[in-house]
Amino acid sequence: MCGRARCALSREEVASTSGVSQERWRDVEKFQPDQNMSPGHWSPVVKYDKNGQLELHTMKWGLVPSFSKPEEKPDHFRMFNARSETVPEKGIFKRLLGRQRCIVLLDGFYEWNQEHKQKQPYYIYLTGGVTKMAGLFDCWAPAEGDPIYTFTILTTDSSERLQWLHNRMPVILPDKAAEERWLQTAELDPKDLAAVCEPFNGEELKWHAVTPAMSRQGYHGDDCAKELKKPSITAFFKPKQAAAAAQLPRFSRPQKTSSGK
DNA sequence: CCAGACGTTGTT
DNA sequence: GTCTGG
DNA sequence: CCAGACGTTGTT
DNA sequence: GTCTGG
């Protein structure tokens with residue numbers, strides 16, 4: 001999953017959907033709504049501060065561990081995801097599981113599917129609001145400049161409905177209870193972790209094809225996440241038959257649904 | 001003990 | 001095909 | 001994750 | 001920081 005995402009929310013929307021006011025948003029000025037976000041870019045997360053108060057914090061996607069050398073060139077593409085199944089075993093993530101959990105606020109994310117020798121991007125999102133994902137964060141002090149907060153998004157096996165597109169998906173927190181469990185629980189035993197990381201398979205999960213233009217990083221047009229109306233090959237060559245076929249039941253191919261609608 | 005690595009994705 | 005850069 | 005480059009020689 | 005390999 002998830003080497004590309006969308007957080008086109010306004011500051012107001014970020015605040016209202018997180019339940020945290022803009023006054024409690026650290027580095028708010030670093031956040032700019034982005035239709036097509038890659039690792040290395042700033043995005044808002046929710047976490048508890050030292051005093052146990054919820055706060056928003058703009059961090060860079062792509063974890064850079066605190067023990068990275070100060071003069072090192074940060075690589076945000078190395079750890080933009082963390083396999084939830086092995087997080088408790090990997091030293092690099094294990095140490096963050098204690099008190100450096102966060103919730104990543106996104107509109108949705110993108111995945112690619114190989115179609116007719118082309119890579120077709122899809123936008124995946126939840127109806128009725130933002131997608132809240134389980135994340136871990138860290139803080140690294142470079143030789144020059146301010147300390148940099150970074151986060152990674154946990155992944156899990158894809159749920160049944162998304163299998164056709166990809167074998168992995170982000171850990172989506174389905175409700176307030178899951179959010180609280182992820183954020184609040186001081187110690188998270190493996191059972192709780194596994195429960196939180198259950199693949200999300202709800203009907204709210206939707207997807208549609210989008211413009212291949214967004215495959216290129218640096219493309220930030222507002223059509224990035226817009227549904228692509230692509231004429232089918234069949235319709236192109238045999239419009240009448242295709243139109244007729246569209247009215248009839250198709251061969252059952254549940255694993256290859258191409259629209260989440 | 002110290003030194004050195006520490007990750008994911010996909011693809012096969 | 002495979003590596004690098006973002 | 002995807003996109004884009006990937007090499008040498010000599011000459012300017 | 002924490003685990004692995006030698």
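Computed from a predicted model, the values in this text were never measured in an experiment.
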Considering only heavy atoms from C-beta outward, does the side chain of A:M37 approach that of A:R4 to under 4.5 Å?
no
Can you find a pair of side-chain heavy atoms, one from A:E12 and one from A:Q22, that are under 4.5 Å apart?
yes
Could you state the CG-P distance from A:N113 to D:dC1, rounded to the nearest angstrom?
14 Å
Which class fits the ring pair [X] and [Y]: parallel under 30°, tilted 30 to 60°, perpendicular over 60°?
X      : Y      : answer
A:Y123 : A:Y125 : parallel
A:W61  : A:F151 : parallel
A:Y122 : A:W164 : perpendicular

Can you see if the side chain of [X] gets near the phosphate of [N] - specifically, an N or O under 4.0 Å from OP1 or OP2?
X      : N     : value
A:T152 : B:dT8 : no
A:R216 : C:dG6 : no
A:R83  : B:dG7 : no
A:S66  : E:dG1 : no
A:T155 : B:dG7 : no

Residues in salt bridge (charged side-chain N to carboxylate O under 4.0 Å, His left out) contact with A:D34, at least two apart in sequence or another chain
none
Residues from residues 90-97 of chain A sitting under 4.0 Å of DNA chain B, heavy atoms only?
A:K90, A:I92, A:F93
Gap in Å between the two C1' atoms, one belonging to D:dC2 and one to B:dT8, rounded
14 Å
Could you tell me how far D:dC1 sits from B:dT9 if I compare only their P atoms? Round to whole Å.
8 Å
Report yes if the ring of A:F67 lies under 5.5 Å from the six-membered base ring of B:dC6 with planes under 30°, and no otherwise.
yes
Choose from B:dT9, B:dG7, C:dG5 the nucleotide whose nearest atom is closest to any side-chain atom of A:M79.
B:dG7
Any idea which of B:dT9, D:dC1, C:dG6 is nearest the A:Q217 side chain?
C:dG6
Let's test this: given Watson-Crick or G-U wobble pairing with both distances under 3.5 Å, identify the partner of C:dT2.
D:dA5
Go through the structure and list residues passing ring pair (Phe, Tyr, Trp, His ring centres under 6.0 Å) with A:W140, not counting sequence neighbours.
none
